[in-house]
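Letters A, B, ... are given to chains in the order of the sequence lines, protein chains preceding strands, and every chain is numbered from 1.
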Protein chains: 2
Amino acid sequence: MHGGQRTGGTGRAPRADAVRNRERILLAAAQVFAAQGASVPVDLVAERAGVGVGTLYRHFPTKEALFAAIVGGHLRWLADAAQTAQGDSDPGRALFEFIGLLATEAAGRHDLLDALEQAGVDVECAVAAQVVGLAAGISGLLERATAQGAVRADVGPEDVLGLVIGTCHGIRRMGGDEARARRLVAIVCEGLRTGPG
Amino acid sequence: MHGGQRTGGTGRAPRADAVRNRERILLAAAQVFAAQGASVPVDLVAERAGVGVGTLYRHFPTKEALFAAIVGGHLRWLADAAQTAQGDSDPGRALFEFIGLLATEAAGRHDLLDALEQAGVDVECAVAAQVVGLAAGISGLLERATAQGAVRADVGPEDVLGLVIGTCHGIRRMGGDEARARRLVAIVCEGLRTGPG
DNA sequence: CTATATTCGGAGCGGTAGTTCCTGTTCCAG
DNA sequence: CTGGAACAGGAACTACCGCTCCGAATATAG
């Protein structure tokens, strides 16, 4: 499970135009999903890729599979970032910086926010499996920050994810204003801190 | 514009079964929209009301009009609550209590959250006009709280509304857990407060 | 009770979106 | 060069949804 599915199934090498079209589709889907979200019609992705819908459906069995292939990369990247952030000497700062990163990414890319939200509703869906790595990373960051006493003791990983998703909705609501986005993130992080003192 | 539209337009008294059906539709729509949100099919509302879709469309020109009629009541009620809360002797507490009320209402009722979100995207739509009263109430509460120094000086009414909407998404994400809902609201309110001290 | 304007109901229309199917085309081994 | 298998493309199929239309039912005036 690492190179993409063959069409035939035996061991024959794939044709050159097939792999070319596959990459065109992936590129177009990345652009369109990021700009418009998961609700964009499949035909639009195919058109942008310069390909018919039949071609698209030969490479990806369903729209959801294509979407999962696109957001999977982002999610893995974010999960890795969370993993490395756990090595930070200041756990509190590490958590808050990662929240800022996640909020900025998800507010700017519609596909990422859609994926996070879908994962919360349909636990069975393809993207939900991709999110667990990210959730684990947040969990690790939060544990260290809690041990340090940098955040309220009663918050769990689900709370953090919920707050981030919510903040992204708030940010998107006002047209991606950069200053406001930073303000909302700052407010949420301040709220996560332990009380005054 | 206060009693609902007549069908004919002259001055004839409406038929008894017509007003009965109108109220059935309103009741069914209130239940279904609250449970499933604005995206619920019109046929389902009609079925629940024990009425055909044709009947529904005689009383309400469009689905959006029906939806606006349903959420309009809630929005006015909330706007009134915000108005009266402005008379509170403690502006900070008044604002935070109202945020908690709004979040609880919107997290439990899908229609209210959908309306708030739709108003942020389509400024032209019917519900957007209904939200301005609520926004004005929040504005007033925030102004007093800011003057008292109970909240950060750099937050605006739009920030508050965005945060509340976001918080509701976070709350809904985890299945309406009561304790978690209160925790998220508390975190956001704490973040809105002026820094430590 | 009768007449008639009003209302009811749901089949059907137009549009959208995901997916499939089939014909014509293209690449590659031999 | 050539045969044939893999591939491309988009029309068509299915499902869904908001909305309309018109024959059937019915409430109310006289």
**Student:** By side chain to side chain contact (heavy atoms under 4.5 Å, CB included), which residues pair with B/Ala126, not counting sequence neighbours?
**Tutor:** B/Glu64, B/Ala68

**Student:** Whole angstroms only, please: what is the CD1-C1' distance between A/Ile25 and D/dA8?
**Tutor:** 10 Å

**Student:** Check the distance between D/dG9's C1' and A/Asp17's CG and give it to me in whole angstrom.
**Tutor:** 13 Å

**Student:** Dump the pairs, protein N or O against N or O of nucleotides 12-19 of chain C, anything under 3.5 Å, distances to one decimal.
**Tutor:**
{"residue": "C/dG18", "atom": "OP1", "partner": "A/Lys63", "partner atom": "NZ", "Å": "2.4"}
{"residue": "C/dG18", "atom": "OP2", "partner": "A/Val42", "partner atom": "N", "Å": "3.0"}
{"residue": "C/dT19", "atom": "OP1", "partner": "A/Thr62", "partner atom": "OG1", "Å": "2.7"}
{"residue": "C/dT19", "atom": "OP2", "partner": "A/Tyr57", "partner atom": "OH", "Å": "2.6"}
{"residue": "C/dT19", "atom": "OP2", "partner": "A/Thr62", "partner atom": "OG1", "Å": "3.4"}
{"residue": "C/dT19", "atom": "OP2", "partner": "A/Lys63", "partner atom": "N", "Å": "3.0"}

**Student:** Give a yes or no answer on whether the side chain of A/Asp114 reaches the backbone of A/Ala38 with a donor-acceptor pair at less than 3.5 Å.
**Tutor:**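 Present.
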
**Student:** What pairs of nitrogen or oxygen atoms, one from the protein and one from nucleotides 3-5 of chain C, lie under 3.5 Å apart?
**Tutor:**
none

**Student:** Considering only residues two or more places apart or on different chains, which pairs with a residue in residues 35-57 of chain B satisfy side chain to side chain donor-acceptor pair (under 3.5 Å)?
**Tutor:**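 Listed once each, the pairs are B/Gln31-B/Arg48.
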
**Student:** Between C/dT6 atom P and B/Asn21 atom CG, what is the distance in whole Å?
**Tutor:**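 Computing the B/Asn21:CG to C/dT6:P distance gives 17 Å.
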
**Student:** For C/dC8, does OP1 or OP2 lie under 4.0 Å from any side-chain N or O of B/His59?
**Tutor:** yes

**Student:** Base, sugar-phosphate alone, or nothing: which one does A/Ala16 contact when heavy atoms must sit under 4.0 Å apart?
**Tutor:**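 Since only primed, P, OP1 and OP2 atoms lie under 4.0 Å of A/Ala16, the category is sugar-phosphate.
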
**Student:** Please give, in whole Å, the distance from C/dT20 C1' to A/Phe60 CZ?
**Tutor:** 18 Å

**Student:** Just to verify, what does B/Asp122 make a side chain to side chain contact (heavy atoms under 4.5 Å, CB included) with, not counting sequence neighbours?
**Tutor:**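 Counting only residues at least two positions away or on another chain, B/Asp122 forms a side chain to side chain contact (heavy atoms under 4.5 Å, CB included) with B/Cys125.
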
**Student:** At under 4.0 Å, does any side-chain N or O of B/Thr55 touch on OP1 or OP2 of C/dG9?
**Tutor:**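 Yes, B/Thr55 has a side-chain N/O under 4.0 Å of OP1/OP2 on C/dG9.
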
**Student:** Rounded to whole Å, how long is the line connecting atom CZ of B/Arg22 with atom P of C/dG9?
**Tutor:** 16 Å

**Student:** What is the distance from CG of B/Leu56 to P of D/dT20, rounded to the nearest Å?
**Tutor:**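 Rounding to the nearest Å, CG of B/Leu56 and P of D/dT20 are 12 Å apart.
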
**Student:** Taking side chain to side chain contact (heavy atoms under 4.5 Å, CB included) as the test, write out the residues that go with B/His74, two or more places apart.
**Tutor:**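 So B/His74 forms a side chain to side chain contact (heavy atoms under 4.5 Å, CB included) with B/Arg109, B/Asp111, B/Leu112.
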
**Student:** Measure from CZ on B/Arg20 to C1' on C/dG9 and round the result to the nearest Å.
**Tutor:** 16 Å

**Student:** Rounding to an integer number of Å, can you tell me how far A/Arg58 CZ sits from C/dT23 C1'?
**Tutor:**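 It works out to 13 Å between those atoms.
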
**Student:** Fit a plane to each ring of B/Phe33 and B/Phe67, take the angle between them on a 0 to 90° scale, and name the class: parallel (under 30°), tilted (30 to 60°) or perpendicular (over 60°).
**Tutor:** perpendicular

**Student:** Going through the distances and angles, do A/Leu163 and A/Leu192 end up as a side chain to side chain contact (heavy atoms under 4.5 Å, CB included)?
**Tutor:** CA-CA 10 Å; A/Leu163 279 170; A/Leu192 282 170; 3.9 Å; yes

**Student:** Would you call B/Arg193 and A/Glu190 a salt bridge, taking side-chain N to carboxylate O under 4.0 Å as the test?
**Tutor:** no

**Student:** Between B/Asp88 (side chain) and B/Pro91 (backbone), is there a donor-acceptor pair under 3.5 Å?
**Tutor:**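 Checking the backbone N and O of B/Pro91 against the side chain of B/Asp88, no donor-acceptor pair under 3.5 Å is found.
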
